[in-house]
Amino acid sequence: MKNPNGFGTVVHLSGNRRNPWAVRKTNGFNEKGYPIYINIGYTATKEEGLIMLAEYNKSPWDIEADKITLREKLSFQQSSLTTRLR
């Protein structure tokens, strides 16, 4: 079944992978007209990918939050702790 426009897609990645299905959404287009994708996640089955895509479209979460480092997290916690103590 076809997804609505702007909904996103679930694609199968090549090779022997644990989670071969990538869930992604178009974020725009570059100057040559090619789509720029943001990867939402990876799943073991296509059905799980479609569920993840539906949940993302219902209430989008911050994809960049997964890429935070431990140092950034600790500095954020330290700064919020010092502001509470003041």
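Worth knowing before you read on, the calculation uses all heavy atoms, side chains too, and leaves out hydrogens, waters and symmetry mates.
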inquiry  = Filter on side-chain hydrogen bond (donor to acceptor under 3.5 Å, both in side chains), then keep only pairs touching residues 24-34, sequence neighbours left out; what's left?
reply    =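 Counting only pairs at least two positions apart or across chains, the side-chain hydrogen bond (donor to acceptor under 3.5 Å, both in side chains) contacts touching residues 24-34 are K25-N57.
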
Residue list, side-chain hydrogen bond (donor to acceptor under 3.5 Å, both in side chains) with N19, at least two apart or on another chain =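 If we apply the side-chain hydrogen bond (donor to acceptor under 3.5 Å, both in side chains) test to N19, skipping adjacent residues, there are no hits.
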
request  = Please check if the side chain of E55 supplies one atom and the backbone of M52 the other of a donor-acceptor pair under 3.5 Å.
outcome  =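 No; judged by distance alone, with no hydrogens or angles, the pair does not exist.
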
task = Show the numbers, then the answer: is there a side chain to side chain contact (heavy atoms under 4.5 Å, CB included) between L53 and N3?
result = CA-CA 10 Å; L53 186 60; N3 289 333; 4.1 Å; yes

request  = Using the test side-chain contact (heavy atoms from CB on, under 4.5 Å), find all partners of S59 that sit at least two apart in sequence or belong to another chain.
outcome  = none

Show me the donor-acceptor pairs, under 3.5 Å and distance only, between side chains in residues 43-51 and residues at least two apart or in other chains.
{"residue": "T43", "atom": "OG1", "partner": "T45", "partner atom": "O", "Å": "2.9"}
{"residue": "T43", "atom": "OG1", "partner": "G49", "partner atom": "N", "Å": "3.4"}
{"residue": "T45", "atom": "OG1", "partner": "E48", "partner atom": "N", "Å": "3.2"}
{"residue": "E48", "atom": "OE1", "partner": "A44", "partner atom": "N", "Å": "3.4"}

key: Pairs satisfying ring-ring contact (aromatic ring centres under 6.0 Å, His included), at least one member in residues 5-29, at least two apart   =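 Those involving residues 5-29 are H12-W21.
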
key: I38-Y42 co-clustered via ILVMFWY side chain contacts under 4.5 Å   = no

With sequence neighbours excluded, residues passing ring-ring contact (aromatic ring centres under 6.0 Å, His included) with Y56 = W61

